[in-house]
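Input: a single structure, listed below in structure tokens.
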Amino acid sequence: MHWALTFAERIISQRGEKKEYVCESGVTPSGHCHIGHFREAITTSLVALALKDIGYNSSHIYIWDDYDRFRKVPSNVPENYSDYIGLPIYKVPDPEDCHDSFADHFMEPFEKSLSEAGMEPDFLRASEQYRAGVYRDNIKISLDKRQKLIDLLNSQRGGEKLSSDWYPVSVYCPKCGKDTTKITSFDGDYALSYSCKCGFSETADIRKANYIKLKWRVDWPSRWAHFDVDFEPYGKDHGTTGGSADTGFKIIQEIFEKPPIVGATYEFVSLKGASGKMSSSIGNVVLPRDILSVMEPDVLRYLFVKTKPAKELKLSLDLDFLNVYDEFDRVESTYFNNEEVNKREKYDKLYEFSNIWGYKSKPSQPPFRFLSVLVQITSDAQRIIDILKKEGHVSKDLSEADIERIETRIKLAENWVKLYAPEMVKFELLDTPPELELTSDEKKGLSLISDLLEKEDLTDVELHNRIYEISKSIPLEPKKLFRAIYQVLIGKDSGPKAAAFINALEKEFVIKRFRSY
RNA sequence: GGGCUCGUAGCUCAGUCUGGUUAGAGCACCGGCCUUUUAAGCCGGGAGUCGGGGGUUCGAAUCCCCUCGAGCCCGCCA
């Protein structure tokens, strides 16, 4: 059974029958939202999808904690941003001045990527919720049970304990906007007194003050309680014993008196070759849009669909990248053909959960591998499609959806070659014949190939075989003939499979080039 | 110190939750493909005491206990 369905069943048995199951993900947009955050979203989304798959209603809510405080100045942001430390991030200006706030600057591109990958969760902002008083009851409960919270958290804390003047809330000063406030007393009813470093102080009525925020460890379970959340995944840094998920489970039960949610710890996502956490300071962040610039969204989904959350996911942008594409195409083919396959049900789910286009029959599958060659020959999409047809990679009559997919892959292959392809697969077709000293045998070989091309239309395999025959007839070592072919075309000793490569090029061009020696 | 994940063919892994015919795949390797394969050609093949030990069971890669090894997490952080 697919892992998302296993979670779905666990949710139903642990949380009981419900009209609608609520799956939550949540992120603090205090920096780039990278492919790790993407895992949080897609894990949630897939479990919500799995619930629907077995006949239940589900929703996916996505909480942006843009009410969190601006803690530190990221490395690529002006120094004077230290002035904003203590403000909620939705109030900090966008350093690049293209969005309404620091938080929005990171939220907007991420929401766009999620949408491209077929996810449309309900986005909610903590800043708006707090200011609308959504958590007012939970703030009251937390303050009433302050001592119990202190005891509970202290029982899990290894190092320094919370002291008895700890409060489960922080106050954003209504005068200076920052949370540089110190709570001095709570009367047990509704009066909360505090003073701010800026000099302001007051006794606030927690029924009216809309600038009080629950602290993270309490905020999270408060959210679960308020939205009646059934499921939420979290990174392994939260999932550790004594971590915020662990204390959250205790708090939701003992403080908010609601049953615990079903949680899931997911492993980190990393780039092949890199290890450890992604961090903007190390400079190894990979954003969803980076991957989506070279990979179709359904293929990206496939990677997450097939990898259980608890397993580390290593993304590869080098040659392995091409294998992922091949694998996806195979899974897709299997899905659409009817032959008996071992574990059919499981593989079908992999495709169903990945496919966001709703294809009813197998779409064209232009091989990404070959496209990475073709895009280096021409930027003319129509010509590439013609070559794909001629070489039998796609059918002669294409639907609009097919053409769209091919054109998409062409674009992505262009990006991949430009951004990530290893040198070995890169080449440049030479406009003019390079200066070369070829042996007379090599010249003869090239000349015989051009004679052949002029007379006949050969398939890749035929041409390939004929090249060997020619080399035998001269005789010339095949290796040397191939080298000559690549040298006159791209100035390298090796290159894409010669026959398919020659067939993809314009015949007259090749003939002229081969005869110019 | 606490916790998580992993250990299955030379390599990368699936299978472990729901125990059950001779443990699978890809790559690598070997052989064949009118003695030709250069961007992973086609067909076929060999290959693993499932990290180790113990237990439960008619039956264990799978469940339980112990143990060894690797990686990772534990103020904030996916």
Side-chain angles (χ1 to χ4, degrees), chain A residues 1-3 5-7 9-10 25-28 30-44 65 68-72 156-160 162 215-217 232-246 264-270 272 275-281 285 306-314 316 319-320 322-324 326-327 330 342-343 346-347 350 367 369-370 372-373 376 421-427 460-461 464-472 477-483 485-486 490 492-501:
Chain A
M1 194 192 295
H2 189 269
W3 59 262
L5 291 163
T6 306
F7 274 116
E9 290 189 349
R10 191 178 307 162
S25 23
V27 164
T28 304
S30 57
H32 286 293
C33 295
H34 49 65
I35 196 73
H37 298 102
F38 184 87
R39 187 172 214 177
E40 159 109 14
I42 195 165
T43 302
T44 310
D65 190 3
D68 199 18
R69 80 188 299 251
F70 186 62
R71 286 166 212 280
K72 60 175 182 188
Q156 300 292 320
R157 276 174 93 89
E160 206 180 324
L162 301 173
K215 287 187 175 162
W216 161 242
R217 292 237 172 192
E232 176 162 359
Y234 31 81
K236 63 172 169 180
D237 42 359
H238 287 306
T240 194
T241 316
S244 45
D246 193 34
T265 305
Y266 58 86
E267 257 283 356
F268 289 156
V269 182
S270 63
K272 187 187 162 201
S275 70
K277 275 166 94 153
M278 281 186 200
S279 135
S280 34
S281 53
V285 279
K306 79 161 190 166
T307 312
K308 285 187 215 171
K311 275 204 77 108
E312 188 180 357
L313 183 55
K314 287 200 155 116
S316 175
L319 282 180
D320 278 349
L322 302 176
N323 290 340
V324 170
D326 288 348
E327 186 180 321
R330 270 201 305 276
N342 210 12
K343 309 201 171 158
K346 181 164 182 174
Y347 289 111
L350 288 183
R369 199 180 290 278
F370 191 42
S372 72
V373 172
Q376 296 182 77
E423 282 309 310
M424 175 189 145
V425 308
K426 287 200 207 179
F427 65 85
D460 292 353
V461 179
H464 181 82
N465 289 337
R466 299 294 276 275
I467 293 173
Y468 274 95
E469 283 170 20
I470 286 169
S471 79
K472 207 196 294 183
E477 260 183 88
K479 196 175 176 178
K480 290 188 175 156
L481 182 54
F482 279 110
R483 203 185 64 89
I485 292 170
Y486 295 122
I490 60 175
K492 293 172 78 171
D493 282 348
S494 60
K497 282 220 165 277
F501 186 42

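A quick note: this is a predicted structure, and the numbers were derived from the prediction, not measured. Naming: A, B, ... by sequence-line order, numbering from 1 per chain.
Considering only side-chain atoms of A:Asp237, the nucleotide from B:C76, B:A40, B:C77 that sits closest is B:C77. Minimum atom distance to the side chain of A:Asn465 is reached by B:U36, of the listed B:U38, B:U36, B:C73. Of all nucleotides listed (B:U38, B:G2, B:A78), B:G2 comes nearest to the side chain of A:Thr240. Checked against B:U38, B:A78, B:C13, the side chain of A:Thr28 finds its nearest nucleotide in B:A78. The side chain of A:Arg217 has B:C76 as its nearest neighbour among B:C76, B:G15, B:G2. Closest approach to the A:Arg71 side chain among B:C76, B:C73, B:U36 is made by B:C76 (side chain taken as heavy atoms from C-beta onward).
Remark: the backbone N or O of A:Gly235 is not paired with any side-chain donor or acceptor of A:Arg39 at under 3.5 angstrom.
Nearest heavy atoms, A:Asp493 versus A:Tyr486: O-CD1, 3.5 Å. A:Lys426 and A:Gln376 get closest at one heavy-atom pair: CA-OE1, 3.2 Å.
When each of A:Val425 and A:Ser244 is assigned the nucleotide of RNA chain B bearing its nearest heavy atom, the one mapping closer to the 5' terminus is A:Val425.
Rounded to whole Å, the C1' atom of B:U18 lies 15 Å from the corresponding atom of B:A60.
Salt bridge annotation for A:Lys472-A:Glu469: absent, with no cationic side-chain nitrogen under 4.0 angstrom from a carboxylate oxygen.
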Output field dot_bracket for RNA chain B (Watson-Crick or G-U, both distances under 3.5 Å, | for other-strand pairs) contains ((((((((.[[[[.)....(...]]]].(((((.......))))).....[[[[[..)....]]]]])))))))....
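In this model, no side-chain donor or acceptor of A:His238 finds a partner on the base of B:A78 within 3.5 Å.
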